[in-house]
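Numbers here are sequence positions counted from 1.
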Amino acid sequence: MDLNTNKALEQLLVAGLLCNDSSVKEKEGQWTIEGDPTEGALVVAAQKAGFERGELEQKLPRKDAIPFESEHQYMATLHEGERRVIYLKGSVEAVLERSESMLLPDGETGRLDTDGINKQVEQMAGEGLRVLAFGMAEAEDLNSIDHDNMRSGLVFIGLQGMIDPPRKEAVEAVKLCQQAGIDVKMITGDHAATASAIASQIGLEGTRENANSRPSPERNYSRSRTGSWRRSPREQPYSPG
């Protein structure tokens with residue numbers, strides 16, 4: 001896609017780069033992530049698309065931030081440039097429930113297509129991708145932000161998905177445990193469809209019949225070898241059009 005003709009995709013990558021506390025640095029010929037690997041993947045995606053973080057941070061310096069909390073399921077940052085803007089990233093549920101419209105490829109806003117977004121989430125999660133959603137809002141009168149500012153009024157930008165494939169050693173370990181009669185459980189904070197795809201990859205048999213269909217990325221899902229699930233508390237870019 002051409003970023004010059006798809007403003008939603010452009011803003012999606014910018015949001016992933018600026019609403020972010022991690023970095024990617026080269027050390028002795030090797031690229032390493034300093035911080036959270038998921039955030040690092042967002043940085044890499046933006047840089048591969050041609051964005052330079054330093055330049056963006058000069059144009060849109062951060063004025064304030066709301067760090068991620070499991071209770072709220074999102075992180076938000078306030079930036080000041082030609083206009084003040086809030087970028088927010090988090091679980092699909094957290095972003096959608098705060099959004100009133102969506103950003104279209106031409107840069108205009110349109111009706112929020114919740115059904116279409118959720119369908120895309122299911123498709124991405126079913127491929128084993130960890131899915132994050134992104135939103136934005138104008139903030140002309142704000143010098144700081146808090147959770148009250150995030151309750152509504154967002155423009156949904158899009159989704160980004162990243163893969164975290166299971167290691168070969170994990171697959172072998174699961175197989176050995178099963179052969180020994182050990183009850184294997186998988187603990188993950190991913191969407192139920194993502195968890196199901198990863199479970200299949202590591203050799204855990206069963207179905208998602210008892211899974212919550214809309215888990216947040218900061219939940220645990222424990223799965224037994226018989227295919228049952230239980231929930232316990234914890235913690236390819238897509239844009240409309």
Taking the side chain as every heavy atom from C-beta outward, state whether L96 and L112 have any pair of such atoms under 4.5 Å apart. yes
Sequence neighbours left out, what passes salt bridge (Lys or Arg N to Asp or Glu O under 4.0 Å) with K168? Give chain and number order. none
D64 and N143, any side-chain heavy atoms less than 4.5 Å apart: no
Sorted by chain and residue number, the side chain to side chain contact (heavy atoms under 4.5 Å, CB included) partners of A139 (sequence neighbours excluded) come out as L78, R84, I86, L142
Can you name the residues that form a salt bridge (Lys or Arg N to Asp or Glu O under 4.0 Å) with E57, not counting sequence neighbours? R53
Selection residues 35-48 - residue pairs positive for salt bridge (charged side-chain N to carboxylate O under 4.0 Å, His left out), sequence neighbours left out: E39-K89
Not counting sequence neighbours, which residues clear side chain to side chain contact (heavy atoms under 4.5 Å, CB included) with L176? List them please. Q179
Examine distances only and state if a side-chain atom of Q11 and a backbone atom of A8 form a donor-acceptor pair shorter than 3.5 Å. no
Expected output: side-chain Q160 to main-chain L12 donor-acceptor under 3.5 Å: yes
Do L42 and L132 pass the side chain to side chain contact (heavy atoms under 4.5 Å, CB included) test, and can you show the C-alpha distance, the side-chain angles, and the key distance before you say yes or no? CA-CA 10 Å; L42 300 175; L132 289 175; 4.2 Å; yes
Which pairs count as salt bridge (charged side-chain N to carboxylate O under 4.0 Å, His left out) when at least one residue sits in residues 144-162, sequence neighbours excluded? D148-R151
So the ring pair (Phe, Tyr, Trp, His ring centres under 6.0 Å) pairs with at least one residue in residues 108-151 (sequence neighbours excluded) are H72-H147, Y74-H147
Taking salt bridge (Lys or Arg N to Asp or Glu O under 4.0 Å) as the definition, give me every residue that meets it alongside D141, ordered by chain and number, with sequence neighbours left out. none
Spell out, as yes or no, whether a donor-acceptor pair under 3.5 Å connects the side chain of Q178 to the backbone of G203. yes
Begin with the C-alpha distance, continue with both residues' side-chain angles, and end with the deciding distance and a verdict on side chain to side chain contact (heavy atoms under 4.5 Å, CB included) for E127 and Q123. CA-CA 7 Å; E127 296 173 1; Q123 179 181 332; 4.0 Å; yes
Heavy-atom side-chain contact between V14 and M136 under 4.5 Å: no
Applying salt bridge (Lys or Arg N to Asp or Glu O under 4.0 Å), name anything that partners K175, two or more places apart in sequence or on another chain. none
dist L104:CG -> I157:CD1 (nearest 0.5 Å) comes out at 12.5 Å
Within residues 82-103 or reaching into it, pairs that qualify as ring pair (Phe, Tyr, Trp, His ring centres under 6.0 Å) - sequence neighbours excluded: H79-Y87
Residue set satisfying side chain to side chain donor-acceptor pair (under 3.5 Å) with D113, at least two apart, ordered chain then number -> none
For residues 94-108, which residue pairs qualify under side chain to side chain donor-acceptor pair (under 3.5 Å), counting only residues two or more places apart or in two chains? none
My understanding is that only one of R62, K63, K59 makes a salt bridge (charged side-chain N to carboxylate O under 4.0 Å, His left out) with E80; could you say which? K63
